[in-house]
Amino acid sequence: SMGSECKGHQPQDDGGVAPFVAKTFHMVSDPATDAVVCWGGASNTFLVLDPAAFSDFLLPSYFKHRNFASFVRQLNTYGFRKVDPDVWEFAHESFLRGQAKLLPLIVRKKKRAGAGAAGRELCEEEEEVRGTIQAVQRLRDERRGMEEELQAMDRRLRAAENRPGQMMAFLGKLADDPGVVLRAMVAKKEELAAAGAGGKYSSPDKRRRIGADAGRGADAADQAAQSRAVPFPLSNLGQVFY
């Protein structure tokens with residue numbers, strides 16, 4: 001896995017280079033991680049392309065935690081800035097591709113003097129952390145939505161695969177009892193007639209007589225169907241079998 005690959009390439013702490021900076025430089029420079037984090041086109045920025053995978057695989061390998069917001073906060077502590085508000089792209093004037101000799105110049109920012117300045121800095125960091133957490137949560141929600149959509153598509157495909165079997169079952173019943181369609185048509189006509197009369201004047205004896213007439217032979221059934229023909233939607237056939 002990506003995590004196991006990275007564990008075998010932990011950088012040594014070079015003299016004068018902060019461990020966080022050295023690990024970040026090695027992680028960005030490793031071609032094996034380019035699908036998740038890589039250098040920008042101008043070689044003076046780096047991009048986190050997949051924050052979820054970055055948190056799940058790379059952070060535990062290099063920093064022993066999975067907190068992306070904490071990683072961003074550390075970058076801010078060392079003077080990195082976010083290049084684009086909509087992209088996880090970071091830059092530092094001494095963090096350049098192939099220029100490891102410049103890494104000792106990347107040091108922690110000195111605390112500003114005065115309670116007011118410290119309060120503003122804390123508020124800025126808290127706001128950035130909140131934005132980071134919200135962005136990661138949004139990515140996870142989008143991934144969850146895609147998984148739910150795939151599950152719904154799978155259910156629709158399974159239902160479509162079952163339809164031919166249902167049609168064959170219908171045709172089998174129709175072959176065994178051809179009069180079933182006629183009886184359904186007669187029942188539907190009686191239902192429409194009862195609805196037209198208000199429903200309460202419908203006679204159960206009349207329905208029984210119609211059902212009996214329908215079973216007296218193919219010729220009598222055909223005559224009954226012709227004399228009582230009404231529009232019959234195919235969807236009502238389903239009521240006969242299901």
Side-chain angles (χ1 to χ4, degrees), residues 1-109 124-154:
S1 65
M2 184 176 297
S4 61
E5 291 176 1
C6 295
K7 287 182 178 178
H9 296 84
Q10 291 289 351
Q12 299 295 322
D13 183 18
D14 298 328
V17 181
F20 172 81
V21 175
K23 291 178 180 181
T24 301
F25 185 83
H26 182 273
M27 179 176 58
V28 175
S29 300
D30 186 356
T33 67
D34 281 353
V36 179
V37 60
C38 65
W39 289 103
S43 299
N44 59 355
T45 65
F46 75 91
L47 298 92
V48 179
L49 303 174
D50 188 343
F54 186 86
S55 301
D56 292 339
F57 298 105
L58 294 185
L59 286 183
S61 298
Y62 282 93
F63 302 103
K64 311 303 181 187
H65 67 79
R66 299 175 181 269
N67 193 332
F68 185 61
S70 176
F71 175 77
V72 174
R73 187 165 56 249
Q74 280 284 87
L75 288 176
N76 183 66
T77 300
Y78 280 93
F80 285 80
R81 59 185 176 83
K82 199 166 183 289
V83 176
D84 188 329
D86 298 323
V87 180
W88 296 111
E89 183 174 10
F90 305 93
H92 189 288
E93 60 184 5
S94 298
F95 195 84
L96 308 174
R97 186 205 297 260
Q99 299 294 321
K101 62 184 180 182
L102 298 178
L103 297 181
L105 300 177
I106 304 176
V107 296
R108 285 180 177 272
K109 292 190 297 185
E124 290 174 0
E125 289 187 0
E126 289 178 349
E127 184 66 26
E128 186 170 1
V129 169
R130 279 196 297 269
T132 303
I133 293 173
Q134 292 172 358
V136 172
Q137 185 61 45
R138 184 171 63 252
L139 288 170
R140 286 176 175 165
D141 291 342
E142 290 174 357
R143 176 180 293 180
R144 189 179 301 113
M146 291 178 63
E147 291 174 352
E148 293 174 353
E149 184 175 351
L150 288 174
Q151 291 174 0
M153 291 177 62
D154 182 65

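These figures come from a predicted structure and were not determined experimentally. In this chain, residues are counted from 1 in sequence order.
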(request) Answer whether the closest heavy-atom distance between the side chains of Val37 and Trp88 falls below 4.5 Å. (result) no

(request) Report yes if the side chains of Glu142 and Met146 come closer than 4.5 Å at any heavy-atom pair, otherwise no. (result) no

(request) Using the side chain to side chain contact (heavy atoms under 4.5 Å, CB included) rule, pick out the option among Asp30, Leu102, Val17, Leu103 that qualifies with Phe25. (result) Leu103

(request) Please assess Phe57 against Thr33 for the test side-chain contact (heavy atoms from CB on, under 4.5 Å), listing each intermediate value before the final yes or no. (result) CA-CA 10 Å; Phe57 298 105; Thr33 67; over 6 Å; no

(message) Measuring only between side-chain heavy atoms, which start at C-beta, is Lys82 closer than 4.5 Å to Asn76?
(response) no

(request) Identify the heavy atoms of Pro60 and Ser55 that sit nearest to each other, and give their distance. (result) CD-O, 3.3 Å

(message) Between Gln99 and Lys101, is there a side-chain heavy-atom distance shorter than 4.5 Å?
(response) yes

(request) Calculate, to the nearest 0.5 Å, the distance between atoms CZ and CZ belonging to Phe71 and Phe90 respectively. (result) 7.0 Å

(request) Check whether any side-chain heavy atom of Leu75 sits under 4.5 Å from a side-chain heavy atom of Phe20, and report yes or no. (result) yes

(message) Which heavy atom of Leu58 sits nearest to which heavy atom of Met27, and what is that distance?
(response) CB-SD, 3.9 Å

(request) Check step by step if side-chain contact (heavy atoms from CB on, under 4.5 Å) holds for Thr24 and Phe95. (result) CA-CA 10 Å; Thr24 301; Phe95 195 84; 4.0 Å; yes

(message) So Val83 and Arg81, do their side chains get closer than 4.5 Å, heavy atoms only?
(response) yes

Throw together a table of side-chain donor-acceptor distances under 3.5 angstrom for residues 41-54, partners on residues two or more places apart or in other chains.
unit_1	atom_1	unit_2	atom_2	d
Ser43	OG	Arg97	NE	2.9
Thr45	OG1	Glu89	OE2	2.7
Asp50	OD1	Ala52	N	3.3
Asp50	OD1	Ala53	N	3.2

